[in-house]
> 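Below you will find the structure I want to go over with you.
Not measured: the values here are computed from a predicted model. A, B, ... follow the sequence lines: proteins, then strands. Residue 1 opens every chain. Keep in mind that the numbers below use all heavy atoms, side chains included, and drop hydrogens, waters and symmetry copies.
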Amino acid sequence: ESWSLSPEEFEIWDRLYRIKESDGIKEPVLPRVQFETLEKLEETPFPLQKPEEGAARELSLSEWSVWQNQPLPTSLVDHSDRCHLFIGAMEMMELMRHQQGDCSYEQELQPHLRMEDVN
Amino acid sequence: QRLKAAVHYTVGCLCQEVEEDKDVQFSKQSIAAISEITFRQ
Amino acid sequence: AGGFRKDTVDRLLRLHFRDGRTRVSADAQLLMAELLKVFVREAAARAARQAQAEDLNKVDIEQLEKVLPQLLLDF
């Protein structure tokens, strides 16, 4: 079919890119995230066969979270607004993590607190 | 699976261009990872 | 230059359609192919930059994982 690889392309894929047993490496897969608050966002369009245990290398989105408090270099596509929000939040968490004693953020917000708004 | 292979093959070609451009080497696993991410996008 | 074949893109899109009769115009297919190409190039370039920042000339999964959260938020 026109959307699929031609025999020679298939041969190249198989030789250069396909992850094989002999490589001793595992197929990388993106974890299926489940949002507590939102309902099941990502209905799997097709029954993805769950990689049998140990055969897949789950890509982690949190392993390097301490690196996320700075905008990392981009190439042709700049960081989006929501990405800057994310970086800001990671930066605040980092600051809070290093605070001893009571939290300066709380003190900063305290003057704006009006209990009548809360009840 | 054939569709995944088609995406994987194209990702490999595009990575090869970046390799020449940036003078780096992509590991097989990193190309497969970019392909998996693209597929899920 | 390499890139996604529009028939491949058409097939990818149709995976996610509920109604099998839905069609994608040629322009939409080309635009989607271009978007995917930009995405792959950006992912590869940022992972390569990360490897260079670590004085490595080999890009592995770890460099990709470091740039992944911000990359996914940028697309």
> With a 4.5 angstrom heavy-atom cut-off, is it the side chain or the backbone of B:Gln41 that approaches chain C, or both, or neither?
side chain
> Taking the side chain as every heavy atom from C-beta outward, state whether C:Asn57 and B:Asp23 have any pair of such atoms under 4.5 Å apart.
no
> Relative to chain B, which segment of C:Arg5 carries a heavy atom at a distance below 4.5 Å: side chain, backbone, both, or neither?
neither
> Sequence neighbours excluded, which residues qualify as side chain to side chain contact (heavy atoms under 4.5 Å, CB included) partners of C:Lys6?
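Listed in chain order: C:Gln29, C:Leu30.
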> At a 4.5 Å cut-off on heavy atoms, which part of B:Val11 comes close to chain C: side chain, backbone, both, or neither?
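The answer is both parts of B:Val11.
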> Please find the pair of heavy atoms, one from B:Phe26 and one from C:Ala48, that lie closest to each other, and give the distance.
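That would be CZ-CB, 4.3 Å.
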> Give, as side chain, backbone, both or neither, the part of C:Phe39 having an atom under 4.5 angstrom from any heavy atom of chain B.
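Only the side chain of C:Phe39 comes within 4.5 Å of chain B.
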> Give, for atom CZ of C:Arg14 and atom CG of B:Leu3, the distance between the pair rounded to the nearest 0.5 Å.
11.0 Å
> Is C:Ala51 close to chain B through its backbone or its side chain, or both, or neither, when contacts mean heavy atoms under 4.5 Å?
neither
> Taking B:Ser35, B:Ala33, B:Ser27 one by one, which has the highest count of heavy-atom pairs under 4.5 Å against chain C?
B:Ser27
> Looking only at heavy atoms, which of residues 59-75 of chain C get nearer than 4.5 Å to chain B?
C:Val59, C:Asp60, C:Ile61, C:Leu64, C:Leu68, C:Leu72, C:Phe75
> Where is the tightest heavy-atom contact between C:Gln52 and B:Lys22, given as atom of each residue plus distance?
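For C:Gln52 versus B:Lys22, the nearest heavy atoms are NE2-O, 2.9 Å.
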> Taking the side chain as everything from C-beta on, heavy atoms only, tell me whether C:Thr8 gets closer than 4.5 Å to B:Thr10.
no
